[in-house]
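Some notes on the structure that comes next.
Note that the numbering runs from 1 along the sequence shown for the chain. On a predicted model such as this, the values are computed, not experimentally measured, just so you know.
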Amino acid sequence: MESAEEDSLHGQSSEDEASELSDGELQEAFSKGLLKPGMNVLVEKNKKLVNNVEGLKQCLADFRKDLPWVERLDMTNLPAEDVVSKTEVKVPAETNRELDADDDFQREMFFYRQGQATVLEALPLLKAHNIATKRPDDYFAEMAKSDQQMQKIRQKLITKQMILERSEKAKKLREQRKFGKKVQTEVIQKRQKEKKAMMSAVKKYQKGMTDKLDFLEGDQKAAKNSSDGSKKALAKKGPNAKRKFKDQKFGFGGKKSGKKWNTKESFNDVSGFRAKTAHDKGARKGKGGNKNKNKRPGKSVRRKMKGRS
């Protein structure tokens, strides 16, 4: 009997030990396959709600420490006066009851006006406690982002700008090509029109409907008309002041070379023709009458003359 009781007690102690196994041992047994489904059942225990009044009062007392405002910097304000609503003759929503929480714009404006009221009340208090509210002019603050990060951002911006410039350049080129094609088509149409007009004029001439050949001149006639028009305009306008001064000082100038060239009129004019002079007839008088009169003796003769003297 005693042995049976000891065995039962030993089995109970082993079960207690197995139940007190740690999480790591349980995980190791589960990985080895020693644990089977249904052996471990989670038992949900009812949560015991504790109303610790004393502890809550202590926490509330800790929150209500009597510290100066400089240490707390807390403000509780109603929203500032809505000047915009006054100018537009509207009834402002001054209380939370009249505020529509679902209206995003009205809600954000409420927060904005509340911030305004807080700033208006806090700034004098900060100045009274000698707390600076403005950053000094020589204040140097390190940037939140490193130089490498800013360099990457700058490179990215430059790349974007280059892409935009390329797209703009390509767009301009496309427009220029379109304009060039348009001009080319207009020129081709104009040439075709002129060709058609010339062919019709030639057909009329061949059929004897007209005896004028003005259509053969074409662009030359138009160029002549334009040049004549420009010359007439210059003639009407007259020379400028510089040209007038030079004409007055140096004369009108004109063509210098080729003055003695024959023209058709001078070639046909024979009024000054003298046969005797032309054919060397009759005795020449004057300096050229006797060629040997003042002829200088040669070198050998001059030497002989010197030797005699």
Look at atom [atom1] of [X] and say whether more than 12 heavy atoms of other residues, nucleotides or ligands are closer to it than 6.0 Å.
X	atom1	value
M75	CE	yes
R303	CZ	no
N268	CG	yes

**Candidate list K190, Q184, K182, test side chain to side chain contact (heavy atoms under 4.5 Å, CB included), partner E186, passing option** = K182
Check whether [X] and [Y] end up in the same hydrophobic cluster, where Ile, Leu, Val, Met, Phe, Trp and Tyr are linked by side-chain heavy atoms less than 4.5 Å apart.
X	Y	result
M109	L78	no
L125	V70	yes
F63	L56	no

**Asked** Under a 4.0 Å N-O cut-off, is there an ion pair linking K32 with E28?
**Response** yes
**Request:** In plain terms, say whether R243 and D247 are close enough for a salt bridge, that is, a side-chain N and a carboxylate O under 4.0 Å apart.
**Result:** yes
**Request:** Test side-chain contact (heavy atoms from CB on, under 4.5 Å) on D100 and F105 and set out the steps.
**Result:** CA-CA 10 Å; D100 186 8; F105 181 75; over 6 Å; no
Using 0.5 Å steps for rounding, measure from the [atom1] atom of [X] to the [atom2] atom of [Y].
X	Y	atom1	atom2	result
M198	E194	CE	CD	8.0 Å
E54	Q58	CD	CD	9.0 Å
D62	R64	CG	CZ	11.5 Å
D66	E71	CG	CD	12.0 Å
D103	E108	CG	CD	10.5 Å
K264	F267	NZ	CZ	11.0 Å

**Request:** Might you work through the side-chain contact (heavy atoms from CB on, under 4.5 Å) test for E265 and D269, ending with a clear yes or no?
**Result:** CA-CA 6 Å; E265 290 78 10; D269 186 15; over 6 Å; no
What closest approach, in Å, do [X] and [Y] show between heavy atoms, and which atom pair accounts for it?
X	Y	result
D102	R107	C-NH1, 4.2 Å
F110	P79	CE1-CG, 3.3 Å
D74	W69	O-NE1, 2.9 Å

**Request:** Take R174 and F179 through the test side-chain contact (heavy atoms from CB on, under 4.5 Å) and record every step on the way to the result.
**Result:** CA-CA 9 Å; R174 285 195 295 271; F179 183 73; over 6 Å; no
**Asked** Can you list the steps and then say if R154 with I158 is a side-chain contact (heavy atoms from CB on, under 4.5 Å)?
**Response** CA-CA 6 Å; R154 184 185 176 193; I158 291 170; 4.1 Å; yes
**Item:** Under 3.5 Å donor-acceptor, T159 side chain and Q155 backbone
**Value:** yes
**Asked** Taking atom types as modelled and ignoring hydrogens, do the side chains of Y112 and Q116 form a donor-acceptor contact shorter than 3.5 angstrom?
**Response** yes
**Request:** Say whether E121 and N77, considering side chains only, have a donor N or O and an acceptor N or O under 3.5 Å apart.
**Result:** yes
**Any T118 side-chain heavy atom under 4.5 Å of L120 side chain** = no
